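Have a look at the structure below before the remarks.
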Protein chains: 2
Amino acid sequence: MEVVKAFLKSLQKEEALNLTGGKRGRITIHEVASAAGVSISTASKALNDTGRMGAETRERIKRIAGEIGYRPNALARGLLSKRSFTVGLLTNDTYGRFTLPVMAGISDALVDHGVSVFLCAIEDDPALAQTHVDAMLDKQVDGIIATGKRLDRRLPVDLSNLHVPVVYAFTEGTQDSVTFRSDDEQGARLAVEWLLKAGRRRIAHITGPEEFFSVRERAGAYHQVAGHREPVLYGVWSESWGHEAIGQLWKRSGEKPDALFCGNDQIARGAVDALRERGIKVPQDVSVIGFDNWEIVAAQTRPPLTTVDMELKELGRQAGLTVLALAEGRPVEPGVRKLPCRLIVRQSCGGNAPKE
Amino acid sequence: MEVVKAFLKSLQKEEALNLTGGKRGRITIHEVASAAGVSISTASKALNDTGRMGAETRERIKRIAGEIGYRPNALARGLLSKRSFTVGLLTNDTYGRFTLPVMAGISDALVDHGVSVFLCAIEDDPALAQTHVDAMLDKQVDGIIATGKRLDRRLPVDLSNLHVPVVYAFTEGTQDSVTFRSDDEQGARLAVEWLLKAGRRRIAHITGPEEFFSVRERAGAYHQVAGHREPVLYGVWSESWGHEAIGQLWKRSGEKPDALFCGNDQIARGAVDALRERGIKVPQDVSVIGFDNWEIVAAQTRPPLTTVDMELKELGRQAGLTVLALAEGRPVEPGVRKLPCRLIVRQSCGGNAPKE
DNA sequence: GTCAAGTGGGAAAAGGTTTTCTCATACAAT
DNA sequence: ATTGTATGAGAAAACCTTTTCCCACTTGAC
């Protein structure tokens with residue numbers, strides 16, 4: 001309601017603006033038409049390469065439009081076409097660790113199509129989420145992409161019966177929706193196989209809380225590939241847990257691990273630090289591999305971490321293209337699409353950098 | 001006659017709606033009007049609390065609108081009012097370290113006003129930047145906020161002669177524009193004074209590249225408050241530089257510093273690690289203070305870093321409110337506005353946690 | 001009984017664009 | 001000369017709201 005009030009006020013102000021500086025009033029297709037001495041219909045058809053007209057007329061109109069700096073009003077166009085060339089990105093990942101790459105991918109894929117992206121950060125606040133969704137719907141977004149920080153959690157808002165397409169990326173979607181996620185199992189396999197290939201045999205797995213779906217998936221792949229040689233240490237997603245886990249492992253009797261597969265880069269970093277404090281050399285004595293490829297952590301660790309990248313930008317790109325396809329009415333098969341992870345080789349494992 | 005025609009038309013539309021499953025075609029004010037048995041003008045006036053009509057008529061229309069789930073089409077509204085309730089955020093900070101808090105502040109301030117935010121990440125690519133700006137302008141944004149990762153650099157695109165208001169936040173603006181930035185001088189003073197208050201006297205300053213404006217400003221404040229007791233070590237913004245700087249300092253003859261004021265949290269972290277490796281205790285032997293309050297770094301350091309927070313979210317909030325004011329034609333004094341920093345007390349300095 | 005003022009509500013224009021339909025001209029074929 | 005057929009271009013409707021008139025009716029006063 002207060003919105004409307006402000007709106008009234010702004011209308012009054014506009015005249016004042018005209019008086020003060022004449023900044024208002026964009027160039028419309030009417031200006032183009034009258035400058036070219038044609039009707040607006042002809043101008044429109046010329047600019048959109050539709051309709052029939054003389055080639056030289058078309059060219060002339062286009063030229064004039066360019067010269068006077070005409071740009072079509074997307075609001076008017078959207079009103080008619082029911083396409084706003086706008087999508088919304090909804091996220092509850094306040095920190096942006098996952099959202100930012102996804103966002104970059106979406107934007108990257110859609111900017112060529114003239115689509116802009118509303119970013120809405122909702123912090124697990126259902127009311128805020130609903131406010132944002134309503135605002136986007138009012139603005140006639142062509143679609144919504146929901147993203148989060150966890151594969152097995154929903155956003156705190158129901159997106160299932162909207163009249164615009166919804167695509168889920170890195171968060172749990174509804175039945176019959178399109179969902180993009182990383183293939184954590186494959187990523188974990190990549191990591192463990194790399195350690196095996198480096199000749200390591202006693203590979204430990206230090207990871208996050210067991211209730212995370214991706215933790216269980218990665219641990220499963222670890223068990224499968226590594227063959228249960230070492231136990232899995234579940235904890236939290238922090239450096240200090242990585243540090244502490246090394247304490248636990250080295251307190252035990254028997255042979256120590258010669259490799260660590262860590263659930264994320266922060267844990268890996270904590271572990272590497274702990275190993276250094278014990279005088280254990282990475283990668284000579286112990287190889288360490290992380291997960292996430294969070295540059296700020298992985299690249300700044302000494303030595304820099306070899307790690308698994310979930311290719312979130314590519315994930316965002318595909319989510320963007322998919323929501324666009326849906327918006328244009330092209331058919332898209334519903335279901336969960338797993339995108340492969342990629343191993344980023346740095347120096348914490350020995351081994352060589354990848355060819356590419 | 002007219003009435004009958006409109007009625008027929010609406011009937012047809014409704015049938016079509018029912019056939020397709022009801023997903024297409026949002027509810028418009030026409031539906032509200034016909035459901036309430038009034039004209040669309042009356043419906044509009046009822047919903048906007050304008051015009052004259054019976055109180056019970058107004059209430060009835062509002063109730064019906066609510067019941068059938070009417071939401072006004074922002075495109076149509078915007079076309080008329082020339083306000084889209086949309087602003088653009090332009091950033092070249094790919095990593096999001098600075099942009100994300102700023103974005104959060106903007107969104108936080110504007111969501112109550114029904115304004116949504118386009119996020120455009122341009123990676124120092126002028127062509128990409130222009131594409132995004134054009135797309136936003138076409139979509140009739142009410143204003144643009146430009147933000148970056150450095151106070152003394154411009155975005156690679158000229159925003160000076162747009163017909164929408166532009167506000168700069170954490171990036172260099174043009175003459176006569178409104179610019180928000182952190183008060184790095186005050187922030188640095190805060191840090192050094194805190195160290196002095198903790199009884200430290202030999203305070204070293206390890207910081208980033210001298211060509212950064214904020215580096216010089218912070219160093220200036222350091223000199224002023226600490227009284228030149230120790231030299232300034234300029235380097236790069238990385239942990240390894242912090243690590244190396246400790247090497248340089250401790251290689252020198254004479255008394256060692258008893259406190260470090262670091263140019264950012266990464267440097268501080270590198271320094272803390274280096275000190276620990278030398279068996280020097282933080283904060284008992286040396287107090288360390290960082291800058292940025294980048295949680296992922298500051299909170300995970302052992303011990304967690306006391307650091308200076310630039311209050312970027314508040315900065316974003318003010319930038320958002322300012323661009324809104326400008327969009328509504330309210331007068332705003334141009335110039336640079338410095339926002340105070342805040343000291344976040346953790347454990348790397350001794351001292352107590354703040355009261356609040 | 002007429003007039004003025006007040007009240008409740010509607011018709012229509014406006015905003016910028018696209019699209020469908022119609023019209024006018026020219027030219028070829030009959 | 002008449003019909004038929006391309007061809008080029010314009011008029012008008014449509015998208016959904018808001019806002020500005022304007023009309024019809026009631027009431028009270030003279």
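All of these numbers come straight from a predicted model, not from anything done at the bench. Each chain gets a letter, A, B and so on, in the order the sequences are listed, and its residues count up from 1.
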Going by salt bridge (Lys or Arg N to Asp or Glu O under 4.0 Å), name the residues that satisfy it together with [X], two or more places apart in sequence or in a different chain.
| X | value |
| --- | --- |
| A:K62 | A:D49 |
| B:D134 | A:R71 |
| A:E328 | A:R83, A:R330 |
| A:D124 | A:K149 |

| query | What are the two closest heavy atoms between B:V164 and B:V141, and how far apart are they? | reply | CG1-O, 3.3 Å
| query | Nearest heavy-atom pair of A:F180 and A:V178: which atoms, and what distance? | reply | CE1-CG1, 3.8 Å
| request: Please figure out whether B:S39 or B:A76 has its closest DNA chain C nucleotide nearer the 5' end. | output: B:S39
| task | Assign A:T57 to base, sugar-phosphate, or nothing according to its heavy-atom contacts below 4.0 angstrom with the strands shown. | result | sugar-phosphate
| Over its full length, what angle do the end axes of the helix from C:dG1-D:dC30 to C:dT30-D:dA1 make, each axis taken from five pairs and the result rounded to 10 degrees? | 80°
Give the rounded distance in Å between these two atoms: [atom1] of [X] and [atom2] of [N].
| X | N | atom1 | atom2 | value |
| --- | --- | --- | --- | --- |
| B:R77 | D:dT17 | CZ | P | 9 Å |
| A:H30 | C:dG15 | NE2 | C1' | 10 Å |
| A:I61 | C:dT18 | CD1 | P | 13 Å |
| A:L79 | D:dC15 | CG | C1' | 4 Å |
| B:F85 | D:dT17 | CZ | C1' | 13 Å |
| B:I27 | D:dC15 | CD1 | C1' | 17 Å |
| B:R83 | D:dT17 | CZ | C1' | 16 Å |
| A:L80 | D:dC16 | CG | C1' | 11 Å |

Show me the side-chain donor-acceptor pairs of residues 314-322 of chain B shorter than 3.5 Å, one per line, residues at least two apart or across chains.
residue: B:E314; atom: OE1; partner: B:R317; partner atom: NH1; Å: 2.7
residue: B:E314; atom: OE2; partner: B:Q318; partner atom: NE2; Å: 3.0
residue: B:R317; atom: NE; partner: B:D108; partner atom: OD2; Å: 3.3
residue: B:R317; atom: NH2; partner: B:D108; partner atom: OD2; Å: 3.1
residue: B:T322; atom: OG1; partner: B:Q318; partner atom: O; Å: 2.7

| field | Close residues, residues 42-54 of chain A, relative to DNA chain C [heavy-atom separation under 4.0 Å] | value | A:S44, A:K45, A:N48
| field | Within residues 63-75 of chain B: residues closer than 4.0 Å to DNA chain C (heavy atoms) | value | none
Under the ring-ring contact (aromatic ring centres under 6.0 Å, His included) test, residues paired with [X] that sit two or more places apart:
| X | result |
| --- | --- |
| A:Y70 | none |
| A:F85 | none |
| B:F98 | B:F170 |

| query | Can you list the residues that meet the side chain to side chain donor-acceptor pair (under 3.5 Å) rule with B:E333, with sequence neighbours excluded? | reply | none
| task | For C:dG10, take OP1 and OP2 only and decide whether either is under 4.0 Å from a side-chain N or O of B:S41. | result | no
| query | On DNA chain D, nearest-nucleotide positions of A:I40 versus A:A55: which is more 5'? | reply | A:A55
| task | Could you give me the CA-CA distance, side-chain angles and deciding distance for A:D93 and A:T91, then say whether side chain to side chain donor-acceptor pair (under 3.5 Å) is met? | result | CA-CA 5 Å; A:D93 169 27; A:T91 177; 4.9 Å; no
